[in-house]
Amino acid sequence: MSGRFLFVGKRLILAVPLLLGVVLLVFLLLQITPGDPARQIVGLRASEADVAQVRDQLGLDDSVFSQYARYLGGVVQGDLGFSYKSRQPVADMVAARLPVSGWLVISGLVVSLMITIPLGVWAAIQRDRAGDHITRGVSLLGIAMPSFWVGLMLILLVALPTGWFPVGGFGDTFGQRLNAIVLPAVTLGIAMAPIQIRSLRASIIRCLGSDYVAAGRALGASGFLLVRRFVLRNAASSMVTLAAVQTSFLLFTMVVLETTFGLPGLGQGMVMAAVQRDLPAVQGYTLVFALTVVLVYLLADVVNAVLDPRVEIRG
Amino acid sequence: MTSTPSPPPPSAAALPAAVLPDATLPQPARRRPHMPRKFWIGAVIVGGYAVAALLAPVLAPADPMAQDVANRLADPGTNHLLGTDELGRDVFSRLVHGIRVDLMVGFLGAFFPLVVGTLLGALAGYLGGWADVVIMRITDLVQGFPVYILIIALVFALGPGIRTILIAFTAIAWVIYARIIRDAILRVRSLDYVQAARAAGIPHHRILLRHVIPNTIHQSVIYFTSDVLFAILAVAAFSFLGLGVPPPTPEWGSMIAEGQPYLRDQWWLAAAPGVAIVGIGLGLSLLGDGVDDRWRR
Amino acid sequence: MDSCVPVRSRSAQICRHTRHAAGVIVIGAIMAGCAGSNTDAPDGATGGGSANELVIYRGEKHEGWHPDAATGIATSHNINSVMEPLLRAHPDGQQVEPGIAASWDYDPEGPSYTFVIDDDAAFSDGTPVTAADVAFSVEQWLDGPNYGEIYGSIANVVEVDERTVTFELGAPDSTLPVMLTWMSAAIIPDDFGGRSAAEFYADPIGAGAFAVESWTPGSEIVLTRNEHYYQPERPYLDRIRIVETDDVSQRAVSYEAGDADIVDAVSIDTLQQFPEDELIPAPEHFLTYAGLNVTREPFDDVQVRRAVAAAVDYGAVTELLQGYGSAPQGGLPENVRNWVPSSHPWHEHDPDLAADLLAETAAATDLVLIYDSSLGSERLVATVLQDSLAAVGIGAELRGLETAAFIEALHGLDYDIAVWQMSAISPDVIDPIGFYLVTDYLFTGYDTTTLGEVYQQYTQTTDEATQQTLIRSVQDEIHDQVPFLPLANYQITGAVKPHVDGFEMAPWGMYWLDELRVAR
């Protein structure tokens, strides 16, 4: 176990420069965005003296390095800056919106797995036969469909005629939220599934060709049992890796769908901040998303280390 | 560090898994010397869109910008194949002209990263040393980032519009091409006959042309087709969010957004542009998939 | 809507008008902002729910309870319902009515105003409203960095007795009562009822018809009846839930499903999704206009401005309003007291004339046409305008900006043409005149010297004929000089279920919640 521990530790240490780089990129947004942030805070008719005072307060005239150090220091302490457009700390805005996004992502992933596992397994078993071709065709179609459009079509074809689901918004009680999340989660699931299906199919085929499956087959295990017993479990680790790779796409889809369905999550907050030109908020959301991706990669490595006995650990 | 089955290489888009090389799969022994059928189906679809884009003024029955407010939100019919929008513009004509916008942004949004990535990758591979370290660390950083989110942030910083979107795509999607080229160069470099050739004084660019390009072209093509699809989907999404192509340019994502308030009564306004996107997306996926199948053999 | 960021120095006037302007956001679909919810009352009463409860859906978000920080119409509306101001604007857009002040007297000689507080006026905690409360409230108005200046004529407040208070003025101001109907003239308890200002505005009380039960920013406000309200029997409702949601289709669907009793300010995008006989329009008032930046080419030339006035297809703009608007009669919003048209009818659509006028001037291409993208309707109007301009050879690029960014562009005169809407928020034409004055004619940079003189003379007289002559001179100047183009007059429209009575909307879209009742 100490080997594993070391492995995880080493990954954590390697993540540090990446995290610093991510914070740097987000910080640089401020530098490449045209306009004087101080001027935006005090308003366009304020005097130069007012602007200078705010510049001084925010330390905008300090060197870029000390500004970066200060920004980094704040981030480490959980201070993501202050949104002058919403008049509240960005960290508070993030905290308020986080549960909605978490709710959407988790339920979306559940839906995508409900689609992925049966189809992926079917495609693998039916390799190069009808089931495989059908699944592949469906995946290609799924990839070609813009998620926001799928969402609108679900509203059109399901929500409007049946009245079962709200066409947007989140709700206050658990029941309402459960109801409000159904269509966004299905849309998210449809968006995520095609790539997962391809990957699952590939790893199952790879496993089916491996020695221990051949052994299992020789011992008389067949078909689905074989898949369930040996293959799915081994395919899981590559799914974890894929999940990490997919996180970025997942987050973007989440951003688009929160806007489409009017869910008050992080994505909607980010789009709102972007159209309102609320720089600290855009920086805050970007940073949160970026850190999520870095952490998911890290987590995926760790989980794989634990899950897959073949992972060779070199301290 | 790990010997896990290597994950599909994260493309810049993280999306083109549709066309990710399944190179690690054990392959059946059948030989397939020609492009598979799906490649041709895809090529026909994409070609069809390209022709429609060229012939848009001929194919479109009306001026895509011509307003007729008195005749707004007309139902589909003989005068207007897909009805009219909220300003009385002919939706079918806008859809056809939209091909020009979306296809162009899609193509350029993949082409610029290809060029930039190839150049930087070649630089890293040939120069080695510090140049290699710096360029590769940047690729790590970009890949560790949620790329789409980075695009939103860049669009924020640079202001919405096609130009911004192209800059953002280029800033992000070059990474995968740089890696492909660099790795290929390093691999080729280590080959005995290349070292022999260099020793014999054959210039670098000839080695590059002879050995590196053929080794990387199929991978680059696969990523290129998927990046075109990625760029089309992303432009549509950004326009839908109000961060993309400004009105009144006929662009599919904006058309969907503009149709959204009328979803209940004039559903085709939002539905039709989506179908157009699905069509080109399917064409590109089939094309990329076909190339992948062919080169895997 | 948070355009009112500048809270220091000379920003007061700017904030004042962003309030007007931002107020019109009610009309459109707001893209930005937190999503609302379509939730029911926690006690399980459905939307439209229990006998004495009402649910209102709207797009515009509540900004907070501090009256001086309010910029939007919805926020003003909410504040008026809780911290009712001294006087009330009648929904006819013509009169100022008694409110917490049961009567008032203007003495032009003093000059001074004397107000008598209604005997029954009391805060929602039961304490009566006294002269001391009014005096303290006036201090707060005057301290406000945004709206303080409009009460600047009040030099001194004298507490005559428990229920009588006199405002001594530094100069004659016949229009002060109009400004006392604004939410910025909120009446609050003396010394914030013993709390700090921050504590008070986080959870305010007032002498209005309702008290705040809860406010979930970006999502929902719940108001409950003020048992001590001064108007007999009112308010008729026990509870009002105001649900804020950006999505125009969601508002329409929720209304159809019966979750909403009222959708105020229906977006023109979705008018046809509501039953026509349940749509209640306010009188025509909102002015959709295109500001022309007169500080630079080509609109520094009045001939180009006149050409543009002839180029616009006013009929097409009106068509977009689907019967809820008409071609403009002048450059001031109609249906408020003392409104008069200009001496000549507004310019007509005449592309040939426009082309002739333009032939003698420099070519106008590469213009930037900005509009507020939060308003669904503005994109349509801007696109129609762009088309009209293209027809006479003027090329303009459309640029949709979110409200805050839009206002920044206006302030910075960083545009050529700006499409927006404006309205008064009180029943007198002096309100928009004051607005034009502080915004240099709707941010066009046009000279306001004569307008300033008009404003002075108007507030110093009480004679209506004189006032109307002054207003006509303003209308004529706008007609001749065309600093901006009025494009259409719009009727802000609410969708109201048949079981709701007492919904009467002022031209600028506000209505009194205490007058609403439900009959089921």
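Below, chains carry the letters A, B, ... as their sequence lines are ordered, and counting in each starts from 1.
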If I measure from the heavy atoms of chain B, does [X] come under 4.5 Å with its side chain, its backbone, both, or neither?
{"X": "Leu141(A)", "result": "both"}
{"X": "Met145(A)", "result": "both"}
{"X": "Pro146(A)", "result": "both"}

Does the side chain of Thr259(A) pick up a donor-acceptor pair with the side chain of Gln268(A) at under 3.5 Å?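 Looking only at side-chain atoms, Gln268(A) and Thr259(A) do not form any donor-acceptor pair under 3.5 Å.
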
Tell me, out of Leu29(A), Val256(A), Leu152(A), Leu160(A), who's got the most heavy-atom pairs with chain B below 4.5 Å.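 Option with the top pair count is Leu152(A).
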
Donor-acceptor contact present, side-chain Thr292(A) to main-chain Val288(A), <3.5 Å: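 Answer holds: yes.
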
Counting N and O atoms only, with roles assigned by atom type, does the side chain of Tyr223(B) sit under 3.5 Å from a partner on the main chain of Ala110(B), one being a donor and the other an acceptor?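 No, Tyr223(B) side chain to Ala110(B) backbone: no donor-acceptor pair under 3.5 Å.
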
Non-hydrogen atoms of chain A under 4.5 Å away: do they reach the side chain of Leu282(B), the backbone, both or neither?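 It is both, since atoms from each part get that close.
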
Of all heavy-atom pairs between Val158(A) and Thr162(A), which one has the smallest distance, and what is that distance?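 Between these two residues, the closest heavy atoms are O-OG1, 2.6 Å.
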
Tell me, do Leu95(B) and Trp252(B) make a side-chain contact under 4.5 Å, heavy atoms counted?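 Side-chain contact under 4.5 Å: yes.
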
